[in-house]
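We're numbering straight along the sequence, starting at 1.
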Amino acid sequence: MGRVITVKEVFMDSWRLAKDNMLVLLGLTVFQFAIIFIISLLAVVLGNASGLLLTLFDAFYTVAFYQVFFKLIDDPKDASFPDVVPNLVKAFNFLLVKLVISLVLVFMIAVISSVYFFNTPQIEIDPENPFSWEMLPIFILISIPITYFTIRLCFVVAFIVDQESGSSESISQSWTLTKGHFWFILRLFLLMLGVNILGAMALGLGTLFSVPFSSIILIIAYRHMVNNYADEEEILLDDVVKSDGN
């Protein structure tokens, strides 16, 4: 059995990393918000292309963010500008993973909605009030697979960046790493939700810190869990070798 990783431990380690690199954190976030703002302003001119640009920017920025903070964890004294430049292959793999996950979730939502409305023909969607109490059951049913898949696949980008995994490999690795840790990761997501609510309450300016800090929480949790998983595998291997020797 590996050691137990706690939410408090992940939070404190994340806070130390963010505090020691506050200028980097805020600089990256200001850049992100500025580009999103500019693309949003150009939406009138770009039309549907603005959505595609936002998707591409999100993939490249996410990969760059993870690259920078993995570097700051592994070798803080050697972090440099090239670490900010996103790897094209990693960004493409991340885009591919997002596409696959989105398609799977859309399919599941369509199936759940079809089955639900087929069995409850008396319920009709009110275009003027789609979030009525009558629609609450379907929203709950839809939220279950979304929450489950979000938690089980929350480390795909970490594997893509940290271990240069391919799209399908990163999905498999995240699924394996999160096995048996659903409730722990769910508590992490609730923590991130609370941090972002506090950030939004600070006139919205707090989100400049809370949004990237949430990503740091996932990065730190990933590192703890990967190291713990590697230790467990090594212990199991040692046990097998000893039993063979006997």
Next item on the list: Taking the side chain as every heavy atom from C-beta outward, state whether P212 and F69 have any atom pair closer than 4.5 Å.
Entry: no

Notebook entry, point to check: Same hydrophobic cluster for I101 and L56, using side-chain heavy-atom links shorter than 4.5 Å among ILVMFWY?
Noted result: no

Notebook entry, point to check: Do L105 and L99 sit in the same hydrophobic cluster, where Ile, Leu, Val, Met, Phe, Trp and Tyr count as joined when their side-chain heavy atoms come under 4.5 Å apart?
Noted result: no

Margin query: For P145 versus I112, what's the shortest heavy-atom pair and its separation?
Written below: CG-CD1, 3.7 Å

Checklist line | Which atom of G166 lies closest to which atom of I160, heavy atoms considered | finding: O-CG1, 4.4 Å

Next item on the list: Could you name each residue pair satisfying ring-ring contact (aromatic ring centres under 6.0 Å, His included) that touches residues 88-116, not counting sequence neighbours?
Entry: none

Notebook entry, point to check: Is S167 close to V100 at the side-chain level, that is, under 4.5 Å between some pair of heavy atoms?
Noted result: no

Item checked: Joint hydrophobic cluster, L103 plus L96, side-chain heavy atoms closer than 4.5 Å -> no

Check: Any chain of hydrophobic side-chain contacts (each under 4.5 Å) joining V211 to L54?
Finding: no

Checklist line | OH-CG distance between Y66 and D162, expressed to the nearest 0.5 angstrom | finding: 11.0 Å

Note to self: Just verifying a value: how many Å separate S114 OG and N119 CG, rounded to the nearest 0.5 Å?
What the structure shows: 11.0 Å

Item checked: Atom of L191, atom of F11 and distance for their closest heavy-atom approach -> CD2-CD1, 3.8 Å

Next item on the list: Work out which heavy atom in N93 is nearest to a heavy atom in S165; give both atom names and the distance.
Entry: ND2-O, 3.8 Å

Next item on the list: Could you tell me whether D58 and K98 make a salt bridge, using a distance below 4.0 angstrom between a side-chain N and a carboxylate O?
Entry: yes

Check: Under the side-chain contact (heavy atoms from CB on, under 4.5 Å) criterion, do V10 and R187 qualify, and how do the steps go?
Finding: CA-CA 11 Å; V10 172; R187 291 197 298 272; over 6 Å; no

Margin query: Nearest 0.5 angstrom please: L153 CG to L177 CG, how far?
Written below: 11.5 Å

Note to self: Determine whether the aromatic ring centres of residues F213 and F209 are separated by less than 6.0 angstrom.
What the structure shows: yes

Next item on the list: Report yes or no: do F60 and F159 belong to one cluster of Ile/Leu/Val/Met/Phe/Trp/Tyr joined by side chain heavy-atom distances under 4.5 Å?
Entry: no

Which donor-acceptor pairs under 3.5 Å do side chains of residues 22-43 form with protein atoms, sequence neighbours excluded?
residue: T29; atom: OG1; partner: L25; partner atom: O; Å: 2.8
residue: T29; atom: OG1; partner: L208; partner atom: O; Å: 3.3
residue: S40; atom: OG; partner: I36; partner atom: O; Å: 2.8

Note to self: Can you give me the closest heavy-atom contact between K90 and Q67, atom names plus distance?
What the structure shows: CD-OE1, 4.1 Å

Check: Would Q163 and V226 count as a side-chain contact (heavy atoms from CB on, under 4.5 Å) if you check the C-alpha gap in whole Å, the side-chain angles of each, and the deciding distance to 0.1 Å?
Finding: CA-CA 11 Å; Q163 300 191 23; V226 164; 4.2 Å; yes

Checklist line | Value rounded to 0.5 Å, distance of NE2 in H181 from CZ in R152 | finding: 9.5 Å

Next item on the list: Answer whether the closest heavy-atom distance between the side chains of D13 and H224 falls below 4.5 Å.
Entry: yes

Note to self: As an exercise, state the distance from CG of N227 to CE of M225, rounded to the nearest 0.5 Å.
What the structure shows: 11.5 Å

Margin query: Minimum heavy-atom separation for S174 and T178, please, with both atom names.
Written below: O-OG1, 2.8 Å

Check: Nearest 0.5 Å, what's the CE-CD1 distance between M108 and I146?
Finding: 9.0 Å

Item checked: Heavy atoms from other residues, nucleotides or ligands near CH2 of W15 exceed 12 (cutoff 6.0 Å) -> no

Note to self: Is any side-chain heavy atom of F155 closer than 4.5 Å to one of I185?
What the structure shows: yes

Note to self: I'd like to check the side-chain hydrogen bond (donor to acceptor under 3.5 Å, both in side chains) partners of N196; sequence neighbours left out, ordered by chain and number.
What the structure shows: S210, S214

